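Note sheet for the following structure.
Computed from a prediction, not measured in an experiment: that's the story for all the values here.
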Amino acid sequence: MPLSWNEIKSRAFAFAREWADETSEEAEAKSFWDGFFNIFGINRRRIASFEYPVVKSDGKGGFIDLLWKGILLIEHKSRGKDLNRAAHQAFDYFSGLKERDLPRYVLVSDFARFRLYDLETDETHEFTLAQLHENTSLFGFVAGYQTRNFGEADPVNVQAAERLGALHDQLADSGYVGHELETLLVRLLFCLFAEDTGIFPERDQFRFYLENRILEDGSNTGSLLEQLFQTLNMPEDKRQKKLDEDLAAFPYVNGALFAERLPIAAFDSAMFNSVLDCAALDWSRISPAIFGSLFQSIMDKNARRNLGAHYTSEKNILRALHPLFLDALRAEFMAIKNQPKKLLQFHEKLARIEVLDPACGCGNFLVIAYRELRKLELDTLRVLYKNRTDKTLNVSMMVRLDVDSFHGMEIGEFPAQIAQVALWLTDHQMNLAVSQEFGQYFARLPLKRAPHIIHGNALTRDWAEVVTPEKLTYIVGNPPFVGVKFQSVQQRADIARVFADVKDAGLLDYVACWYKKSAEYMQKNPVVRTALVSTNSITQGEQIGILWRDLLTLGVKIHFAYRTFQWRNEGRHVAAVHCVIIGFGIVDSATHTLFECETIKSEPLAHPVTRINPYLVEAPDLLLQSRNKPICNVPEIQKGNIPVDNGHLIIEKKDLAQFLENEPNARKYIRRLMGATEFIHNKERYCLWLTDADPAEIRTMPLVMQRIEQCRRFRRNSPKSATRKFADDAMRFMEIRQPDSAYILIPRHSSEKRNYIPLGFMDKDIITTDANSTLNNATLYHFGILTSIAHMAWVRAVCGRIKSDYRYSNDIVYNNFPWPDPAAKQKAFIEAAAQAVLDTRAHYPNSTLADLYDPLTMPTNLQKAHHALNGAVDQAYGKTRFASEAGRVAFLFARHQTIREGKHV
């Protein structure tokens with residue numbers, strides 16, 4: 001057990017007095033350094049070696065005075081000798097050491113002076129023997145008090161994944177697999193972390209134990225590990241009296257982590273060296289919050305150098321935790337920190353908090369939540385006991401928060417194990433912080449309490465059996481996002497079970513199940529509050545009506561929400577996901593906050609609002625219905641034509657010239673074919689448009705007849721009965737909805753990177769496919785409204801998505817859009833501004849719409865034309881500006897409700 005800092009300083013002072021005699025000789029160096037390590041309560045023999053043999057850079061042999069592998073190299077000289085020369089000699093030994101044994105610290109001394117080099121921070125500290133007690137904090141790495149700031153991109157994270165991954169592969173290749181392998185790796189992880197963070201009494205205790213007992217071929221590694229695991233699971237007073245001294249020095253851990261007897265793994269020298277490679281890392285630099293991603297990457301060779309692919313960054317986790325409870329608790333603390341009685345009550349409140357993550361994975365959300373609450377508790381204790389000395393305090397009685405207040409459900413056995421261990425290790429880290437604050441060592445060993453992590457399917461369990469609703473305070477997490485097309489049979493069955501009474505539930509993303517289960521759970525205790533990270537699809541398109549009608553019936557109120565942002569982790573080549581975070585409860589909140597990003601990649605800004613609806617805007621709880629006709633007096637919209645021909649009625653540009661050379665009479669039946677891609681990227685494609693063709697003439701064109709026959713065969717062989725019905729009408733598109741006059745074309749799918757969906761006027765002879773929607777008899781006024789920022793804000797708020805791209809819906813987006821009711825003059829302004837947009841486009845005949853509407857290449861004059869159009873449209877709505885897009889959407893929702901209620905504005 002590490003000593004308190006006061007005890008360490010006292011020992012250092014006594015040590016300095018003992019060795020102050022100027023007659024000390026180099027021959028006494030061994031006793032000197034044994035005494036030095038004893039200052040910190042460390043038995044030097046268990047971790048470091050004197051006179052370690054090494055080959056220097058000049059090829060000659062030498063001996064390092066003292067080497068603590070991977071941590072510290074000491075070079076000692078007689079009193080009064082040159083420390084610069086000692087340092088040069090120390091660094092000269094580096095070339096003879098294995099990479100894993102290279103130290104972070106170099107210490108040179110001559111009995112009277114110390115010089116410490118920290119090679120990681122590039123800092124050097126020099127002081128006298130008499131000043132040692134004033135500099136003991138520099139040796140926190142010896143005492144077991146060293147603290148860390150964890151970096152998500154710290155190279156040691158990747159190194160840990162690679163080295164544990166190599167060991168995993170070696171064991172798996174030898175036939176040691178499955179549950180046994182996963183449990184062994186979890187135990188090794190605990191030991192590696194424990195020896196670098198003070199859980200084990202001495203730094204590198206695990207590594208030293210193995211190295212001192214290993215056979216040359218490494219074959220006894222498995223039995224050494226099993227002996228250690230059994231010892232860690234045995235209380236000290238029940239261990240054999242003749243137990244190996246080094247084994248007996250390990251503490252009793254408990255917590256069932258080492259209870260199961262595993263088959264002894266067979267090792268060879270290469271596998272043992274892999275264990276040593278792992279032990280050589282400084283595991284105190286690795287946050288328990290990334291243990292989950294660490295182990296996921298271990299199981300996947302291709303992911304080991306892309307650790308961030310599995311890692312939910314702390315920044316993203318805190319986006320959910322701060323507004324759910326951390327911000328309010330911190331504000332409460334700041335308001336009462338000078339009122340001791342209220343602060344004691346606040347501490348009791350912290351101790352009563354219970355948190356559930358019903359899809360906890362490897363525990364990232366629980367780990368960060370626990371850590372942040374422990375930090376707040378430490379701040380509370382710091383104020384409560386600021387005038388007390390360590391002799392009057394019992395730190396173990398002061399700390400009230402513990403891991404048994406944290407609950408999780410996880411369908412995978414291995415991640416559930418990791419979540420439990422990660423919470424224990426986080427608890428230890430926070431106990432070290434308390435130790436440093438109050439000068440007493442505080443550790444919870446043996447483990448007496450454990451997180452409640454349940455291995456099982458959260459969607460088939462009764463959550464009230466996991467944690468009683470009366471106890472729970474918060475639900476938080478990041479449940480799995482799985483779209484309809486990617487769901488397994490089991491996942492579809494889960495959705496059907498959870499939403500048994502909800503129509504069209506089969507269209508929902510898998511994550512929706514956790515919203516329904518949370519809402520049902522909160523019926524039993526309406527004080528519970530929830531925050532879930534989700535794909536943004538549950539707040540858009542057709543899913544919103546299905547899910548939120550059910551949730552609103554259950555009384556759900558949204559307290560805070562992050563509108564769509566890019567959930568991008570730190571790894572290279574990591575696909576970004578477009579997410580929302582929704583905080584909700586059954587009892588409404590006194591305050592509501594909407595977090596909005598200027599772009600999906602920018603940092604969110606908080607906006608206080610009066611309410612938040614399921615579209616995540618400040619508006620009433622209005623759910624848009626799927627409509628066949630517009631709610632306003634505007635042209636009806638329809639989908640384009642659907643060929644269902646397997647390409648036989650379509651002619652690619654590269655084939656057109658040859659086709660017409662062989663079949664020149666077909667020219668009058670060939671039309672330009674316009675899908676969304678062809679429209680936006682100005683690609684040429686053609687089709688046979690035989691709707692009004694003379695059959696006799698068609699029969700004179702053998703290549704045309706051949707294509708019709710091929711189309712007929714394709715439709716006749718279709719598994720769909722609806723397609724087979726059109727086999728005998730194979731010369732025509734199966735579904736024809738071609739406008740009979742000029743029309744506006746709206747691509748149904750468009751990149752979310754564009755500020756505007758490109759629209760355009762098309763001649764009636766240009767055949768549109770169902771990749772587009774069309775407005776017949778449309779005018780410049782209609783074009784102007786549809787290409788304005790007002791309509792685009794509506795699109796972004798309510799449309800569905802394909803990946804992250806816009807999916808324009810006739811029934812939801814267009815038919816529900818609340819058009820303005822402009823005066824004649826306002827309408828004229830809109831038409832003039834719309835024409836200016838078209839005219840500006842025409843200035844760039846060699847540019848496609850993709851070029852013109854790419855935010856990086858959009859011409860300045862086109863931007864200005866759109867800006868003028870936006871102003872004209874806003875004036876038609878009676879507005880001059882909006883503070884944010886959310887404000888604009890809220891206005892449009894209010895107008896939609898007014899129109900639906902039959903009022904005129």
Is atom [atom1] of [X] surrounded by more than 12 heavy atoms (other residues, nucleotides or ligands) closer than 6.0 Å?
| X | atom1 | result |
| --- | --- | --- |
| His681 | NE2 | yes |
| Asn633 | CG | no |
| Asp692 | CG | no |
| Phe829 | CZ | no |
| Arg699 | CZ | no |
| Asn628 | CG | no |

Would you say [Y] and [X] are linked by a side-chain donor-acceptor pair, where the criterion is simply a distance under 3.5 Å?
| X | Y | answer |
| --- | --- | --- |
| Asn810 | Ser773 | yes |
| Tyr844 | Asn861 | yes |
| Glu618 | Thr610 | yes |
| Thr848 | Asp851 | yes |
| Thr535 | Asp509 | no |
| Asp740 | Asn776 | yes |
| Arg748 | Asn772 | no |
| Asp839 | Gln835 | yes |
| Ser534 | Tyr515 | yes |

Presence of salt bridge, Glu684 and Arg672, under 4.0 angstrom: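 Not counted as a salt bridge, because no side-chain N and carboxylate O are separated by less than 4.0 Å.
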For the salt bridge (charged side-chain N to carboxylate O under 4.0 Å, His left out) test, which of Glu596, Glu885, Glu752 pairs with Arg796?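 It is Glu885; the other options fail the test.
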Here's a test for you: under ring pair (Phe, Tyr, Trp, His ring centres under 6.0 Å), which of His866, His791, His867 qualifies with Tyr756?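 Filter result, single survivor: His866.
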Decide yes or no on salt bridge (Lys or Arg N to Asp or Glu O under 4.0 Å) for Arg754 and Asp854, but give the supporting numbers first. CA-CA 6 Å; Arg754 301 186 183 110; Asp854 185 323; over 6 Å; no
Answer yes or no: is there a side-chain heavy-atom contact under 4.5 Å between [X] and [Y]?
| X | Y | answer |
| --- | --- | --- |
| Phe761 | Leu780 | yes |
| Phe893 | Trp794 | yes |
| Tyr510 | Arg492 | no |
| Pro614 | Asp621 | yes |
| Gln491 | Ile495 | no |
| Tyr686 | Asp655 | no |

Going through the checks in order, is the side chain to side chain contact (heavy atoms under 4.5 Å, CB included) test met by Val533 and Ile582? CA-CA 7 Å; Val533 181; Ile582 302 177; over 6 Å; no
Once you round to the nearest 0.5 Å, how far does CG of Leu862 lie from OH of Tyr853?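 If we round to the nearest 0.5 Å, Leu862:CG and Tyr853:OH are 4.5 Å apart.
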How long is the span from the CG atom in Leu775 to the CG atom in Leu786, to the nearest 0.5 Å?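 Going from the CG atom of Leu775 to the CG atom of Leu786 covers 6.0 Å.
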Before you tell me yes or no, could you show the steps for Phe565 and Cys579 under side chain to side chain contact (heavy atoms under 4.5 Å, CB included), namely the whole-Å CA-CA distance, both residues' side-chain angles and the distance that decides it to 0.1 Å? CA-CA 6 Å; Phe565 66 96; Cys579 292; 4.3 Å; yes
Check for me whether Arg707 meets the cation-pi criterion with Phe659, that is, NZ or CZ under 6.0 Å from the six-membered ring centre and within 45 degrees of the ring axis.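 Flagged: Arg707 positioned over aromatic ring of Phe659.
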Whether the side chain of Arg716 engages the backbone of Ala727 through a donor-acceptor N/O pair (distance < 3.5 Å, no angle test) should be reported.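 Checked: no pair found.
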